[in-house]
Amino acid sequence: RALSARILRAGRPPARAPLKRRGRLLHAGMAVSASGVLTLAAVLLAGPLAWFLRAGAKRWRGGSGTAAAAVASDPRQVAQPEPKGRDEVSGIDYLLGLLGYAIGIGNLWRFPYLVGKWGGGAFVLAYLVCLVFVAIPAYIIEMVMGQYTRKSTVECFRMIHPRWVGLGWGQVVMLLFVIPYYNVLLAYAVIYVWGSLSDPLPWVGDSASYWNNSVLNNYGGSYEGVGLGGIQWNLALALLVVWLILFFSIAFGKEVLAKVTWVTVVGPVVMLLVLLVRAVMLDGAADGIEFYIGKFDGAMLGDLDMWAAACGQILFSLSPGMGTAITLSSYTRPKEDVVKTCLIVSVCNSAFSLVGGIAIFSIVGNIAHNINEAGGATTVAEQARAGPGLAFIAIARGMTTFGGGTNTMAVLFFMVLLTLGLDSTFAWLETFVGYIEDAAGKTTVPRWQVVLSVCSYFFLAGLPYCTRMGNELLDAMDHYVAGYFLLLGVALEAVLFCCTFTWQRLAIAVRRATHGGASTPQGRQVRPELFWRFCLGFSMPVMCLFLFFYILSSDISKAYEGYPDWVQAIGWSALLLLLIITPAGAVANWKGESSLVPIEEEAAALKSTLASQCPAAAAPEASPKDGGESGGGGGGGERRASPSAESRERARRMVEEMAREIVLDEAPGAEHVLTPDERRLRSTAASATSDSENDGDGGGSSSAQSVVSGASTSRPPGGGAAVDLLFARRREEVPAASSNGPSAAAAGLADSFFAPRQPSSS
């Protein structure tokens, strides 16, 4: 790399001499770039503009404000002093959150480097195989379990069976290690964004020197007798900027975060497209693209190190095994089609990496072309193997070849890296805050104080990575923590799924969440079933465990990257802690019992729900002729049960399902305190009452909700009165019914809720 830099400089006019001051490169005559500043402003405004356009379109269609008006009209929902139950996010916000979580800085920073290192198209093929047979199946089960249990990772695993709590806590500790060093990568991007606003760019002439001396101020590869070294305050300040952005994005609720993700998800897509169009026009771009998608080194497919790198890349990108997808899915709506969302996110994530690779290798091809034109001799393969510093050395140097658009393209590229990384951290922080909120239960501590404490801890934990030896420590921790435990975590989740959660429960959960949709009236079938069973029961655990032990044997025989013993010791210690926590939790809770509803009851409830929605499906003996004769006009009474009876049954199932949750969370004889599920039921009843008073009882789901709220000619005053009656009877009936199981208790509550009653009993 040093030889290439000298050759490149030899064919250029002499650069202005840099002044070295305390490890920084200061160029005389450096000025603010107007194009860089304007580009940065446009990038920051792109997301809010997209969000306002979407909000305006919704308001134009008349779809906004209904829910807010309903809440505002009911003072009981506004003046509620208790803490809220579990938040729910809309489908588009859920999708954007997952897209931002999956598409991270590694898609442009690490993926192209691995493609160059492992033979071009051969690595891409291995990456796609691992995507289909490992990552997508792991992602699906996490999303389904999160939506099904409505719990964050630790409590989700506890509900499935307490023996899996250790795996959940292992994932919590892994986030404690990963989040601090991951955000140092974003601090690097902040420094380069700031530098992109200068004219000329501060790394003109020698991008490797700028990276090693000005940004890292490292020891130059000599590790003998050195420690961490002092904190580099330019990195520490950039890290502080990153954590301030994260705090203000997360501290004030999911509505603020949803607006921020419009910047951090929409922005990178727009910027990447602009960068792609401009990069493919560079001289030598065709050579880089040919190496990327045209070269296929088949011999590499027999290299297990390449398969380990491919599997690690897709797992770290989608990040199943970290528990984040479980927590994010616990906040989505119970009727969200998470299988469709999973496939969309998985395809978009890999497409972003593959398309981004075209832009990166176009720039790498241009770098090789310029070196050769200056009289040097290099290849795209040599330039692509620039190591993890590919983005901050080779690509940074490539930014200087865009002529008058140099500052514009530099701002675009490094803002893409920054916003991609912010999205991933948003998801991890939400996961971590979710752990704290679930553990604390009902608390009066404001959310912003919790988030402030978490952000302060992670900022301080990230300072060791801002030292002179910080980049090497970062690489070692990433290898020993994320590299190992992601493989082990995904393998253990496959065992958890096959032995405890089971395929049948997943199929029921997906159908229950998707039934009644326009394209899935009877619920989505997860097909082909044989393929998914093969992936979940064989390819996913076997591939991950095999690669885990293969990497372990390699690291035992040879120290990773030749780093000093004390760096290796820190990495091994972190991994050992994770390997202790996971089985310790299993041993401590081995005799516990699952809190899941028996699968037979789940199947029966689903069958009853589907039958109530589609009576024809429950009565196959009815002839098509009968349905045809009664379907012409207003003779619907001959074709199916009366609207009131059908709505009543559907409403009863609604209440029974929610009552089951109440029973599972209620200890007999406990003091009566409204739970989040009870508040949700009260809110449903109150809003349904409002709807029934405006629309009347006309059947369908509106009719069902009016039955839930007790809205009828004899309904007592107050939308939540019928629900209050249910709560009042609960303490007497739950202990008596508990001996027959939670489902029986739930059914009893639902029966008492719909039992005939005298007006005086209200």
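Within 6.0 Å of CH2 on Trp572 lie more than 12 heavy atoms contributed by other residues, nucleotides or ligands.
Remark: Ile160 CD1 to Lys151 NZ distance equals 12.0 Å, nearest 0.5 Å. For the atom pair CG of Leu239 and CD1 of Ile231, the computed distance is 10.0 Å after rounding to the nearest 0.5 Å. Atoms CE and CE, on Met145 and Met159 in that order, are 12.5 Å from each other to the nearest 0.5 Å. Within the model, atoms CG of Leu167 and CE of Met174 stand 9.0 Å from one another, a figure rounded to the nearest 0.5 Å. A distance of 10.5 Å separates CD1 in Ile344 from CG in Leu98, rounded to the nearest 0.5 Å. Going from atom CD1 of Ile570 over to atom OH of Tyr563 covers 13.0 Å, rounded to the nearest 0.5 Å.
Within the 4.5 Å cutoff, the side chain of Asn183 has no heavy atoms near those of the Phe459 side chain. Residues Thr153 and Val172 have side chains not in contact (no heavy-atom distance under 4.5 Å, counting atoms from C-beta outward). Side-chain contact between Val481 and Leu575 is absent, with no heavy atoms from C-beta onward closer than 4.5 Å. Val178 has its side chain within reach of Met322: a pair of non-hydrogen atoms, C-beta onward, lies under 4.5 Å apart. Side-chain contact between Leu197 and Ser33: absent, with no pair of heavy atoms (C-beta onward) separated by less than 4.5 Å. Side-chain contact between Val134 and Ile314 is absent, with no heavy atoms from C-beta onward closer than 4.5 Å. The side-chain heavy atoms of His479 and Tyr484, taken from C-beta on, include a pair separated by under 4.5 Å. At least one side-chain heavy atom of Trp243 sits under 4.5 Å from a side-chain heavy atom of Leu429.
Nearest heavy-atom pair across Ala102 and Val345 is CB-CG1, 3.9 Å. Taking all atoms of both residues into account, the shortest heavy-atom contact from Ile245 to Ser249 is O-OG, 2.7 Å. Of all heavy-atom pairs spanning Ser152 and Ser330, the tightest one is N-OG, 4.3 Å. Nearest approach of Gly398 to Ile363, heavy atoms of both residues: CA-CG2, 3.7 Å. Taking both residues in full, the closest heavy atoms of Pro268 and Val416 are given as O-CG2, 4.1 Å, listed atom of the first, atom of the second, then distance. Heavy atoms only, all atoms of each residue included: Ala476 and Tyr560 are closest at CA-CE2, 4.2 Å.
Applying the salt bridge (charged side-chain N to carboxylate O under 4.0 Å, His left out) test to Arg468 and every residue at least two apart in sequence or in another chain returns nothing. Every residue two or more places apart in sequence or in another chain was checked for a ring pair (Phe, Tyr, Trp, His ring centres under 6.0 Å) with Trp448, and none qualifies. Here Phe177 pairs with nothing under the ring pair (Phe, Tyr, Trp, His ring centres under 6.0 Å) rule; sequence neighbours left out. With sequence neighbours excluded, the residues that form a ring pair (Phe, Tyr, Trp, His ring centres under 6.0 Å) with Phe432 are Phe458. Not counting sequence neighbours, the partners of Asn349 by the side-chain hydrogen bond (donor to acceptor under 3.5 Å, both in side chains) test are Asn107, Ser317.
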Show the numbers, then the answer: is there a side chain to side chain contact (heavy atoms under 4.5 Å, CB included) between Met415 and Leu40?
-> CA-CA 8 Å; Met415 277 299 295; Leu40 180 61; 3.7 Å; yes
Take Leu474 and Leu185, measure what side chain to side chain contact (heavy atoms under 4.5 Å, CB included) needs, and give me the verdict at the end.
-> CA-CA 9 Å; Leu474 184 156; Leu185 298 175; 4.1 Å; yes
Side chain to side chain contact (heavy atoms under 4.5 Å, CB included) between Tyr223 and Met469, intermediate numbers included | CA-CA 9 Å; Tyr223 305 132; Met469 198 69 179; 3.2 Å; yes
Start with the C-alpha distance between Tyr210 and Leu201, add both sets of side-chain angles, then the distance that settles side chain to side chain contact (heavy atoms under 4.5 Å, CB included), and finish with yes or no.
-> CA-CA 11 Å; Tyr210 181 80; Leu201 296 175; over 6 Å; no
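Side-chain contact, Gln171 with Glu493: a donor N or O sits under 3.5 Å from an acceptor N or O. Looking at Ser196 and Asn407, their side chains never bring a donor and an acceptor atom within 3.5 Å of each other. Tyr480 and Asp555 form no side-chain donor-acceptor contact under 3.5 Å, judged by distance and modelled atom types alone.
Remark: side-chain polar atoms of Thr582 are not paired, donor with acceptor, to backbone N or O of Leu579 under 3.5 angstrom. Remark: the backbone N or O of Ala396 is not paired with any side-chain donor or acceptor of Thr400 at under 3.5 angstrom. Judged purely by atom type and a 3.5 angstrom limit, Asn212 has no side-chain atom pairing as donor or acceptor with the backbone of Gly220. In this structure a side-chain-to-backbone donor-acceptor pair under 3.5 Å is present from Gln147 to Arg333.
Under the 6.0 Å cut-off for aromatic ring centres, Trp211 and Phe392 qualify, their centroids lying closer than that. Aromatic ring centres of Tyr94 and Tyr331: separated by at least 6.0 Å. For an aromatic pair to be called close, the ring centres must be under 6.0 Å apart, and Tyr127 with Phe111 satisfies this. Taking the six-membered ring for Trp and the full ring otherwise, the centers of Tyr182 and Trp428 sit less than 6.0 Å from each other. Between Phe426 and Tyr101, the distance from one ring center to the other does not fall under 6.0 angstrom. Ring centroids of Tyr192 and Trp203 are separated by less than 6.0 Å, placing the two rings close together.
For residues 458-467, there are no side chain to side chain donor-acceptor pair (under 3.5 Å) pairs, not counting sequence neighbours.
Classification of Arg447 and Glu430 as a salt-bridged pair holds, one side-chain N sitting under 4.0 Å from a carboxylate O.
Between Glu142 and the options Thr324, Leu318, Ile326, a side chain to side chain contact (heavy atoms under 4.5 Å, CB included) holds for only Ile326.
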